[in-house]
Protein chains: 2
Amino acid sequence: MESQDLKKAGLKSTLPRMRVLQLLENSEKRHMTAEEVYKALMECGEDVGLATVYRVLTQFEAAGLVNRHYFEGGLSVFELNQGHHHDHLLCVKCGKIFEFIDDTIESRQRQIAEKMGFAINDHCLYIYGVCQKQNCEHNQD
Amino acid sequence: MESQDLKKAGLKSTLPRMRVLQLLENSEKRHMTAEEVYKALMECGEDVGLATVYRVLTQFEAAGLVNRHYFEGGLSVFELNQGHHHDHLLCVKCGKIFEFIDDTIESRQRQIAEKMGFAINDHCLYIYGVCQKQNCEHNQD
DNA sequence: AGTTAAGATAATAAGCACTCTCAATAAGCC
DNA sequence: GGCTTATTGAGAGTGCTTATTATCTTAACT
């Protein structure tokens, strides 16, 4: 029940918020831009304004329900926060996005930050490249 | 002589390009936004249009003379490419930007990409946090 | 050195992603 | 159900970046 999740996050349960949350939970695409969320909702016949999509996603981010990533070229995408931090590998050719986590890298980062007297808030590692999938050309994620 | 550098990069040597390149080489700030480059040139009495600054920086990036980084919040900065790759540590409080390089992380990244069948183009690691400098509040870099 | 064609520039307009404003609407509480 | 207040939708507005275009520079060629 999504309305419970919203309440837990300190957000009033409203129709647009439910719709966005459901979409993020059920879409095959894990990583979506605000525009994609908006279009997907329109296609489902849900009449939610673009401004609301941005507002809701920003609120979700502040509430920790979603994470936002700023990729190269100003592209920014949202993904459901499912508790486990991870980094990203992006195919610059087909747009596919893969996730990975590496404990060695994580701990090195903590060591570096400590050595430099930094209190880490957040960190992100993006690897850009070309994937070897046969369906590379036209897929999206 | 900067005009040689431009020619080597396949770019015609023009006044605005020279000015931008000189600025990046001589400024204390290693990381500058397009706006900052523009303002700095204006202050030096150099009459270069903002559109030209963007165009020149984009050309420099394509030519490998500078690197561009897209930080959180849509902030994007340019830095002179001095041959050695490095990652970034950003203070979210004072805006200071530190650079670091860690061979362990670098090689782990290559391993991960290989395992996932990726040909790496580029990668970037950003650590966001709060630095412990006494002058943290108001400095900029 | 002067001429000329190719390429670069400045200014402005346009594009894009995102935010603000505000009247209309919907939630949660009684 | 009615009341109070937060939320929404639509469109205008903003900020950063790119395209257009008429003008100007550069570099190669006399």
Side-chain angles (χ1 to χ4, degrees), chain A residues 1-23 31-63 65-66 68-78 95, chain B residues 1-23 31-42 44-63 65-78 95:
Chain A
M1 194 53 173
E2 285 85 3
S3 70
Q4 302 309 314
D5 299 333
L6 288 174
K7 293 233 179 75
K8 255 186 276 175
L11 294 169
K12 209 186 261 190
S13 156
T14 67
L15 232 71
R17 285 177 187 159
M18 300 268 285
R19 294 283 173 271
V20 172
L21 191 52
Q22 285 169 354
L23 180 71
H31 305 87
M32 301 183 80
T33 65
E35 194 74 31
E36 284 171 343
V37 169
Y38 172 67
K39 281 187 185 150
L41 289 176
M42 294 295 273
E43 276 167 23
C44 297
E46 302 294 342
D47 197 12
V48 177
L50 179 57
T52 301
V53 170
Y54 276 105
R55 240 185 330 232
V56 168
L57 287 171
T58 304
Q59 291 162 345
F60 281 9
E61 190 193 6
L65 288 174
V66 305
R68 181 173 187 158
H69 296 284
Y70 298 89
F71 294 139
E72 275 185 7
L75 176 72
S76 83
V77 301
F78 297 85
Chain B
M1 192 55 176
E2 285 84 4
S3 71
Q4 302 310 314
D5 299 334
L6 288 173
K7 292 233 180 75
K8 255 186 274 173
L11 294 169
K12 207 187 260 190
S13 155
T14 69
L15 233 71
R17 285 178 188 161
M18 300 268 285
R19 294 284 173 270
V20 173
L21 191 52
Q22 284 169 354
L23 180 72
H31 304 87
M32 302 183 80
T33 64
E35 194 74 30
E36 284 170 344
V37 170
Y38 172 66
K39 281 186 185 151
L41 289 175
M42 295 294 272
C44 297
E46 302 294 342
D47 196 12
V48 177
L50 179 57
T52 302
V53 170
Y54 275 105
R55 195 154 10 85
V56 167
L57 287 172
T58 305
Q59 289 163 345
F60 282 8
E61 190 193 6
L65 288 174
V66 305
N67 292 120
R68 181 173 188 158
H69 296 284
Y70 298 88
F71 295 139
E72 274 185 10
L75 176 72
S76 81
V77 301
F78 297 85

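For the numbers below, each heavy atom of this structure counts, side chains included, while hydrogens, waters and symmetry mates do not. Residue numbers begin at 1 in each chain, while the letters A, B, ... track the order of the sequences.
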Within a strict 4.5 Å, meaning less than it, do heavy atoms of the [X] and [Y] side chains meet?
X: B:Leu23; Y: B:Glu46; answer: no
X: B:Arg68; Y: B:Leu57; answer: no
X: A:Val66; Y: A:Leu21; answer: no
X: B:Leu6; Y: B:Phe60; answer: yes
X: A:Glu35; Y: A:Leu50; answer: yes

d([atom1], [X]; [atom2], [N]) in whole Å:
X: A:Leu75; N: C:dA17; atom1: CG; atom2: P; result: 9 Å
X: A:Leu50; N: C:dC16; atom1: CG; atom2: C1'; result: 11 Å
X: A:Tyr70; N: C:dA17; atom1: OH; atom2: P; result: 14 Å
X: A:Lys39; N: C:dA17; atom1: NZ; atom2: C1'; result: 12 Å
X: B:Leu41; N: C:dA10; atom1: CG; atom2: C1'; result: 14 Å
X: A:Tyr38; N: C:dT19; atom1: OH; atom2: C1'; result: 15 Å
X: B:Lys12; N: C:dT9; atom1: NZ; atom2: P; result: 9 Å

Minimum heavy-atom separation for [X] and [Y], please, with both atom names.
X: A:Gly49; Y: A:Tyr38; answer: C-CE1, 3.8 Å
X: B:Val48; Y: B:Met42; answer: O-SD, 4.3 Å
X: A:Lys12; Y: A:Arg17; answer: O-NH1, 2.8 Å

**Item:** A:Thr52 and A:Arg55: side chain donor to acceptor below 3.5 Å
**Value:** yes

**Fill in**
Contacted region of DNA chain D by chain B, from 5' end to 3' end of the hits, cut-off under 4.0 Å to heavy atoms, spans D:dC16 to D:dA27

Any [X] side-chain nitrogen or oxygen under 4.0 Å from OP1 or OP2 of [N]:
X: B:Thr14; N: C:dT9; result: yes
X: A:Ser13; N: C:dA26; result: no
X: A:Arg17; N: C:dA27; result: no

**Request:** Check every strand shown and say whether B:Arg19 touches a base, only sugar-phosphate, or nothing at a heavy-atom separation below 4.0 Å.
**Result:** nothing

**Fill in**
Assert: residue with more 5' nearest nucleotide on DNA chain D, out of B:Ser76 and A:Leu15, is A:Leu15

**Message:** Please give me every residue in residues 51-61 of chain A whose heavy atoms get under 4.0 Å of an atom in DNA chain D, ordered by residue number.
**Reply:** A:Ala51, A:Thr52, A:Arg55

